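Each remark here refers to the structure printed beneath this line.
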Amino acid sequence: MEVLERVAFYVMAVIAVASALLVVVNRNPVASAMSLVGTFLAVAGLYLTLNATFLSAIQVLVYAGAIMVLFLFVIMLLNLEREPFDLPGFGRIAGFALSVVLLFSLISLALNATARPETSARGGSGAEIGDVFFSDYLFPFEMASLLLLVAMVGVIVVARRRKPEEEEEGEA
Amino acid sequence: MSDTQVYYLAYLVKLLVVFTLAVGLVPILVYAERRVSALMQFRWGPNRVGPFGLLQPFADMVKLLCKEDLVPERASKVLFTIAPALTCIPPFLVMSFIPVAPSFALAGREMKGVVVDSPVGILLLLALSSLTVYGLAIGGWASNSKYSLLGGLRSSAQMISYELAMGVSVLAVLCVAGTLNLTEIVYRQTQFFGFDATSGNWAGWNVFAQPLAFVIFLIAAFAETNRLPFDLPEAESELVGGYHTEYSSMKFSLFFMGEYIGMVGISSVLVALFLGGWHFPGMHALGLQPGTLPFTILGLLVFLAKIGVLLFFFIHVRWTLPRFRYDQLMRIGWKVLLPLALLNVLVTGAVVAGS
């Protein structure tokens, strides 16, 4: 089983990295978005190999299933043209430097990492996660929901129609 | 052959049974759809190919396979090609989480009547079924046609909106079941009807404990599978054919198959969540020993019968109700179903917490 797990890890890792590269390399924004979905699914698969089933389900449900659909929706509505964009010379150099630094820090992290992340034997069931949420992490959990509420109210305020006479006609 | 080998072989057989169930029901459904619609409209329907027109699905298939496979000029070829597959795959994956039959003993181990028995099965199921939307949206966009694009956009907006109501209605069921494991949810419904004082949870079919959640889920199911009265993404009177306007041949039939497998999948979810899964009152009194293969097969047949009833309902509704207008569809989803589902969760939560 050890071998199978290894194979699953490498397959998922290769898919994740390859589709992440495709996100950046693709000129077509819709294809980029779809590649990003591929990355999310592969990462969800990696979570599965770590026995974190709950996290994996949420990853697919929230990122691949909801957020990326909205991304795709917006990209399609904007009807972006495939235009090559040119950064100014300074921006290119800065971006390149930043990516090199990031790459090296990632590589050093990967080389120094020894232990596999510890995972629960209970397979990250809903009950277990709920227990932790409502005991150890109650405050951050409640804060996160407050943050979401604030964001929601903010969106409604921004999107609200200003003129009262327009309120009457056509909803959504 | 060792016990382990028997076990893995049985596992493969199980996979095959579920896969065949999903694929095999498609031609039957297509035939039933045409016959039932004909009956409802005082027509004959297909009755030329084979006895009672039973071979019509095969004739359809041959016809579709022989058609020219067109790809529109300036279409995005790769995305245009993978889109039909993207609509077809998620419903298959959904089927693998459904407990279609009770478990039975095999080679000293318990063989579960489900392909993937996960502690968070219902979440994985919802997650995978939410991926269906990509096929429709990408197919619509990649066709480079305005009707297809509108169909694709409509489908993504509609499916996201109704996923919310659907998910929240499932939440109420999870409250009464007290678990995210689908096998456990079904098993709980096979117990007696009424309040279980020892576990503090409701037992019996969830449709009786959660009638409102059932109705909300059922309505959302129509929207999720793009069936009438919510088939806006392919409204032929406005959009020619919606997201699959530009598709032909096998690619079109994959979309078609995706829709029907989606129906089978969502009916299975409904049966497992609300209608007691493979359980039927009195099936324990038939003399078959629970935990043996005959009992499992009986459970599978009961499950199939329940799906059949639901699928007939799907077809019946399609040929009874007219199509909703798009703003009406959105209003029902956001202003009626979602608040009702939230209210349902609130009341259910209060009752469960209070007992």
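So that the names make sense, note that chain A is the first sequence line, chain B the second, and so on, each numbered from 1. Treat the numbers as computed from the prediction; the structure is a model and nothing was measured.
Residues from residues 32-46 of chain A that place a non-hydrogen atom less than 4.5 Å from a non-hydrogen atom of chain B comprise A:M34, A:V37, A:L41, given in numerical order.
Proximity of B:L180 to A:F54: side-chain heavy atoms (C-beta onward) are separated by under 4.5 Å at one or more points. Two residues are said to be in side-chain contact when any heavy atoms from C-beta on lie closer than 4.5 Å; A:L61 and B:L124 fail this criterion.
For B:A157, the parts lying near chain A are the backbone and the side chain together; criterion is any non-hydrogen pair under 4.5 Å.
Counting heavy-atom neighbours within 6.0 Å of B:Y147 OH, excluding the residue itself, gives a total of 12 or less. Other residues, nucleotides and ligands place no more than 12 heavy atoms under 6.0 Å from the OH atom of B:Y187. Residue A:F73 qualifies as enclosed at atom CZ: its count of foreign heavy atoms under 6.0 Å is above 12. A:Y137 OH: 12 or fewer foreign heavy atoms inside a 6.0 Å radius.
Within the model, atoms CD1 of A:I58 and CG of B:L123 stand 5.0 Å from one another, a figure rounded to the nearest 0.5 Å.
Closest of all the heavy-atom pairs between B:Y134 and A:G65 is OH-N, 4.5 Å.
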Extract all donor-acceptor atom pairs below 3.5 Å that involve side chains of residues 83-98 of chain B and protein atoms in other chains or at least two apart in sequence.
{"residue": "B:T87", "atom": "OG1", "partner": "B:P84", "partner atom": "O", "Å": "2.6"}
{"residue": "B:S96", "atom": "OG", "partner": "B:L93", "partner atom": "O", "Å": "2.5"}

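Of the listed residues (B:L126, B:V133, B:L153), the one with the most heavy-atom contacts under 4.5 Å to chain A is B:L153.
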